[in-house]
Structure formats: structure tokens, C-alpha cells
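Below: the structure, in C-alpha cells.
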Amino acid sequence: MQIEDTPLAGLKLITPRRFGDHRGFFSESYSARAFAEHGIDTVFVQDNHSLSMTPGTIRGLHFQNPPHAQDKLVRCGKGCLFDVAVDIRKGSPTYGKWFGAELSFENGRQLLVPKGFAHGFVTRTPETEIIYKCSDYYAPETEGALIWNDPEIGIDWGMGDLEPMLSAKDAVAGTLAALDSAFVWEA
């Protein structure tokens with residue numbers, strides 16, 4: 001398993017090995033032992049799976065505040081998506097900065113999004129599935145969101161001419177400037 005640091009401290013890009021033959025492939029998509037060898041001791045308690053039917057579907061930028069903040073291990077089960085994390089840890093040298101990576105069924109890559117990041121994605125293909133592990137249970141009373149197109153963050157979603165498809169809640173999410181983040185940078 002290849003585990004790479006990104007420019008945002010704590011955010012990791014993970015590429016599990018695939019072993020293929022004429023039948024297809026086998027891949028170990030998660031290993032607590034391999035993660036521990038890289039200093040990652042997250043315990044996951046919930047798996048989520050969503051399907052987006054249309055290219056240009058944006059979900060996010062979501063987070064849960066303490067005491068139910070979540071680490072997420074995100075992968076694409078079918079299709080292709082562009083996955084994004086935004087640092088919302090007060091005092092972080094990368095506060096408000098974003099990192100994105102293409103996750104697809106073909107490349108098998110994953111993004112480990114720690115607490116203190118807002119997370120979202122845009123689908124690139126029809127019928128795209130996202131599968132992710134969470135370190136805490138869903139707690140709607142602690143939900144937070146940032147608007148996907150906040151100019152202060154400046155995410156390049158790479159959508160070309162696609163019209164974004166948003167939920168009503170995501171369409172009215174707040175801005176980074178208005179956020180009083182509950183997360184604090186710990187060097």
C-alpha cells in the first residue's frame with residue numbers, strides 16, 4: 001500500500017496494490033496494520049456508500065464538528081470523481097487551502113481526510129459510486145458545510161461546461177469567511 005503525504009498536513013493520498021490476472025484483480029483496500037506502520041491509528045466505525053447518477057453532481061463541502069468530528073477514508077467504487085478536502089483548522093499554515101485528487105474505479109486511489117477538513121467531490125462519469133469509512137457516527141446536529149464555489153477557497157473543480165447538480169442544502173452552504181471553525185491546528 002502506497003501512502004503519500006499531500007501539501008496539507010494530515011491529508012494522505014493512498015494507493016492500494018492490485019494483483020491482477022485473467023480473471024480480474026484483488027486489492028486490499030484497507031489494512032489497520034499498514035496504516036499503523038505509517039503512523040495512522042484511526043478506528044473506523046461506519047461505512048457509507050452513495051450513488052450519483054449524473055456527471056457534475058457535487059456533494060459537499062461537508063464536515064462534522066466536535067465532539068463528532070470524523071476522519072474519512074474515501075474511494076470510488078464505480079466511475080470517476082474529483083475528491084476535494086479544504087483545511088478548516090484555525091491557526092493552520094494551510095487554512096483555507098484545498099487539495100484535490102481524481103479517484104476512480106480504474107486507479108483505485110483513496111483520500112484519507114482527517115478531522116478539521118471540509119470534504120466534497122464532483123462526479124466525472126454517470127452512475128459514480130463513492131464509498132467511505134468514517135471514524136465517528138453520523139450526527140446531524142454537528143453538521144457543517146462550506147459552499148462549493150467559495151471564491152476565497154478557489155477550488156478548480158475541472159467541470160468544463162457541466163452545470164453543477166447540488167442538493168438544496170449544499171446550494172446555500174456558508175462561506176469560509178463566515179465560518180467560526182471549531183477545529184484548531186495542532187502542529
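- A donor-acceptor pair shorter than 3.5 Å cannot be found between the side chains of Thr54 and Thr57.
- By the 6.0 Å and 45° rule, Lys133 stacks over the aromatic ring of Tyr30.
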* Apply salt bridge (charged side-chain N to carboxylate O under 4.0 Å, His left out) to Arg59 and Asp170, showing your working. => CA-CA 7 Å; Arg59 296 183 190 255; Asp170 287 347; over 6 Å; no

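- Clustering ILVMFWY residues whenever any of their side-chain heavy atoms sit less than 4.5 angstrom apart, transitively, puts Phe121 in a cluster other than the one holding Leu146.
- For CZ of Arg18, the number of neighbouring non-hydrogen atoms (other residues, nucleotides, ligands) closer than 6.0 Å is greater than 12.
- One hydrophobic cluster, built from ILVMFWY side chains closer than 4.5 Å, cannot hold both Leu8 and Phe82; they sit in different ones.
- Looking at Glu143 and Tyr138, their side chains do bring a donor and an acceptor atom within 3.5 Å of each other.
- Cluster membership check: Met1 does not share its hydrophobic cluster with Tyr132, using side-chain heavy-atom separations under 4.5 Å among Ile, Leu, Val, Met, Phe, Trp and Tyr.
- Of all heavy-atom pairs spanning Ala139 and Gln64, the tightest one is N-OE1, 2.9 Å.
- The closest donor-acceptor contact from the side chain of Arg124 to the backbone of Ser104 lies at 3.5 Å or more, if one exists at all.
- The minimum heavy-atom distance linking Phe105 with Gly77 is given by the pair CD1-O, 3.3 Å.
- Using a 4.0 Å cut-off between charged nitrogen and carboxylate oxygen, Arg109 and Glu102 do not count as a salt-bridge pair.
- Ion pairing between a basic and an acidic side chain is recognised when a charged N comes within 4.0 Å of a carboxylate O; Lys12 and Glu4 show no such pairing.
- Few gaps surround CZ on Phe25; more than 12 heavy atoms of other groups in view lie less than 6.0 Å from it.
- Because its NZ or CZ atom is not both nearer than 6.0 Å to the ring centre of Phe63 and within 45° of the ring axis, Arg89 does not count as a cation-pi partner of that residue.
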* Run the side-chain hydrogen bond (donor to acceptor under 3.5 Å, both in side chains) check on Asp87 and Thr94 step by step: do they pass? -> CA-CA 6 Å; Asp87 188 346; Thr94 56; 2.6 Å; yes

* Asked: Which is it for Asp180 and Lys90 under the salt bridge (charged side-chain N to carboxylate O under 4.0 Å, His left out) test, yes or no, and what are the steps along the way?
  -> CA-CA 9 Å; Asp180 182 15; Lys90 285 181 183 175; 2.7 Å; yes

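- In the displayed structure, Glu141 atom CD is contacted under 6.0 Å by more than 12 heavy atoms of other residues, nucleotides or ligands.
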